[in-house]
Q: 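Dropping a structure here in structure tokens format, bear with me for questions.
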Amino acid sequence: MSFKKKIAFAFLIILVLSSIINAEGFIRYLVKKGDSLSLIAQRFNVSLQELIDLNQIENPDLIYVNQELKIPGNEQKYRVKKGDSLWKIAEKFAVKISSLIKLNNITTPDKIYIGQELLIPANEVKADYQLAFRGQAVNYIWPVQGKISSYYGWRDHPVYKERIFHTGIDIAVPYGTPVYAAAAGVVEFSAWSEGYGNLVIIRHRDNSQTYYGHNLKLLVKEGDQVKQGKVIAFSGNSGVSTGPHLHFEIRIDNRHADPLIYLNNNYLRNNR
Ligand SMILES: [Zn+2]
């Protein structure tokens with residue numbers, strides 16, 4: 001074995017060993033004002049018992065602001081693209097290469113192929129990191145202020161009466177509440193859309209999109225450039241909706257994301 005190969009081999013062994021010690025699979029969350037354990041469980045679509053167990057909580061009624069909780073996270077799938085390496089993928093998702101190797105039973109890390117499906121481990125810093133990785137972090141402000149009446153994730157749909165994935169958050173606000181652009185961008189859509197009612201979609205500089213649904217009146221048109229905070233609509237109850245609220249979505253790389261992870265002041269950084 002050449003010296004280089006020996007080094008590579010030793011490195012691999014270290015990676016595999018460290019993955020056994022470091023594999024995590026949870027998200028870190030800092031408790032904020034108004035949180036209860038059951039609200040947090042609902043928001044992240046995990047069971048209360050899972051939260052209690054993972055955090056070894058003795059009294060679920062006693063959580064405090066800024067307490068750090070571990071939230072069980074879910075793995076996701078990724079298909080290898082041209083130009084990818086395991087290192088690039090690990091960087092993109094802010095996961096340890098060792099975790100990728102372990103989770104996917106990879107024996108030769110330099111031999112991944114286009115189209116290969118990889119499992120990406122759940123990770124505590126993923127959301128922040130993905131934005132940082134783009135080098136142009138978009139800072140989203142709240143489009144309206146109000147109580148969240150429905151969180152992102154699986155829920156029993158109030159109209160369709162079945163379990164449906166809720167692709168955004170619902171913020172309960174009175175009819176006619178001004179809706180602000182969460183970040184600057186270009187209006188990509190502003191019209192009626194089945195289900196969403198009067199919908200605005202804005203595309204942002206990092207290519208992410210925000211969706212604003214169920215509006216009463218739309219104030220922008222396709223192609224408009226909007227600044228962050230511009231009033232783009234008045235909220236309402238149009239489309240499939242059971243009461244006045246704003247349905248707000250963030251899509252990153254054409255994938256749904258939990259807005260609460262991205263809206264400022266709400267997520268709960270790791271300790272770096
Ligand atoms: Zn909704």
Side-chain angles (χ1 to χ4, degrees), residues 32-35 39-40 42-43 127-128 131 134 136-153 155 157-160 164-268:
K32 59 183 197 312
K33 217 175 153 197
D35 272 346
L39 265 179
I40 296 169
Q42 189 192 352
R43 180 178 312 157
D128 285 334
L131 288 178
R134 298 148 184 269
Q136 316 180 293
V138 166
N139 181 29
Y140 307 90
I141 60 168
W142 286 75
V144 291
Q145 297 280 334
K147 187 178 176 298
I148 295 174
S149 52
S150 182
Y151 288 94
Y152 173 87
R155 66 168 179 178
H157 195 279
V159 175
Y160 299 124
I164 287 179
F165 196 87
H166 189 221
T167 52
I169 54 172
D170 292 343
I171 310 170
V173 281
Y175 280 101
T177 302
V179 177
Y180 304 113
V186 176
V187 175
E188 197 171 62
F189 184 91
S190 182
W192 178 268
S193 169
E194 207 57 57
Y196 286 100
N198 291 317
L199 170 71
V200 176
I201 304 174
I202 300 176
R203 190 173 286 272
H204 306 288
R205 64 180 177 194
D206 66 346
N207 222 22
S208 65
Q209 295 159 293
T210 45
Y211 281 55
Y212 312 77
H214 307 310
N215 294 297
L216 185 65
K217 186 171 166 50
L218 303 175
L219 302 176
V220 289
K221 57 181 194 312
E222 203 181 307
D224 283 356
Q225 301 255 4
V226 294
K227 290 197 168 131
Q228 184 173 55
K230 181 182 167 61
V231 179
I232 53 170
F234 292 123
S235 72
N237 189 26
S238 59
V240 180
S241 173
T242 54
H245 75 278
L246 176 75
H247 170 91
F248 177 66
E249 283 183 25
I250 298 181
R251 297 198 189 182
I252 310 253
D253 296 333
N254 295 315
R255 294 168 64 149
H256 302 300
D258 184 350
L260 290 183
I261 292 177
Y262 293 92
L263 286 167
N264 48 12
N265 300 328
N266 239 316
Y267 185 60
L268 334 135

Q: Any heavy-atom pair between the side chains of V231 and L219 that's under 4.5 Å?
A: yes
Q: Has the side chain of R251 got a donor or acceptor atom that lies under 3.5 Å from a matching backbone atom of R255?
A: no
Q: Quick check: closest heavy atoms across V226 and A181, and the distance to 0.1 Å?
A: CG2-CB, 4.1 Å
Q: Please state whether the rings of F165 and Y152 are parallel, tilted or perpendicular, taking 30° and 60° as the class boundaries.
A: perpendicular
Q: Would you say the side-chain atoms of N237 pair up with the backbone N or O of G243, donor to acceptor, closer than 3.5 Å?
A: yes
Q: Give the minimum heavy-atom separation between I250 and P259, together with the two atoms involved.
A: CD1-CA, 4.0 Å
Q: Taking all non-hydrogen atoms of both residues into account, name the closest pair between S235 and P174 and its distance.
A: OG-O, 3.2 Å
Q: Do Y180 and I232 have side-chain heavy atoms sitting under 4.5 Å apart?
A: no
Q: For the residue pair S208 / Y262, report whether a side-chain donor-acceptor contact shorter than 3.5 Å exists.
A: no
Q: Does a side-chain heavy-atom distance below 4.5 Å link S190 with E222?
A: no
Q: Is there a donor-acceptor contact under 3.5 Å linking the side chains of H247 and D170?
A: yes
Q: Could you go through the side chain to side chain contact (heavy atoms under 4.5 Å, CB included) check for L199 and W192 one step at a time?
A: CA-CA 6 Å; L199 170 71; W192 178 268; over 6 Å; no
Q: Roughly how far, to the nearest 0.5 Å, is the CD1 atom of I252 from the CG atom of D206?
A: 6.0 Å
Q: Mark yes or no for whether Q228, through its side chain, and N139, through its backbone, hold a donor-acceptor pair below 3.5 Å.
A: yes
Q: Name the orientation class of the two ring planes belonging to Y196 and Y211 (parallel below 30°, tilted from 30 to 60°, perpendicular beyond 60°).
A: tilted
Q: As an exercise, state the distance from CG of N215 to CG of L246, rounded to the nearest 0.5 Å.
A: 6.0 Å
Q: For the NE2 atom of H256 and the NE2 atom of H166, what is their distance to the nearest 0.5 Å?
A: 10.5 Å
Q: State, yes or no, whether a side-chain contact exists between V200 and V220 at a heavy-atom distance under 4.5 Å.
A: yes
Q: For the atom pair NE2 (H214) and OG1 (T242), what is the distance rounded to the nearest 0.5 Å?
A: 8.5 Å
Q: Could you give me the CA-CA distance, side-chain angles and deciding distance for I148 and L39, then say whether side chain to side chain contact (heavy atoms under 4.5 Å, CB included) is met?
A: CA-CA 11 Å; I148 295 174; L39 265 179; over 6 Å; no
Q: Does a side-chain heavy-atom distance below 4.5 Å link L263 with I141?
A: no
Q: Answer with yes or no whether the side chains of E249 and T167 bring together a donor and an acceptor at under 3.5 Å.
A: yes
Q: Does H204 reach the main-chain N or O of V138 with its side chain, forming a donor-acceptor pair under 3.5 Å?
A: no
Q: Please find the pair of heavy atoms, one from Y175 and one from G236, that lie closest to each other, and give the distance.
A: CD2-CA, 3.9 Å
Q: Would you sort out whether V179 and F234 count as a side chain to side chain contact (heavy atoms under 4.5 Å, CB included), showing the intermediate values?
A: CA-CA 6 Å; V179 177; F234 292 123; over 6 Å; no
Q: Check I201 against Q209 and note the closest heavy-atom contact, atom names and distance.
A: CG2-NE2, 4.0 Å
Q: If you look at every heavy atom in P143 and I171, which pair is closest and at what distance?
A: CG-CD1, 4.4 Å
Q: Going by distance alone, is a donor N or O of one side chain under 3.5 Å from an acceptor N or O of the other, for T210 and Y212?
A: yes
Q: Under 3.5 Å, is there a donor-acceptor pair between the side chain of S238 and the main chain of N198?
A: yes
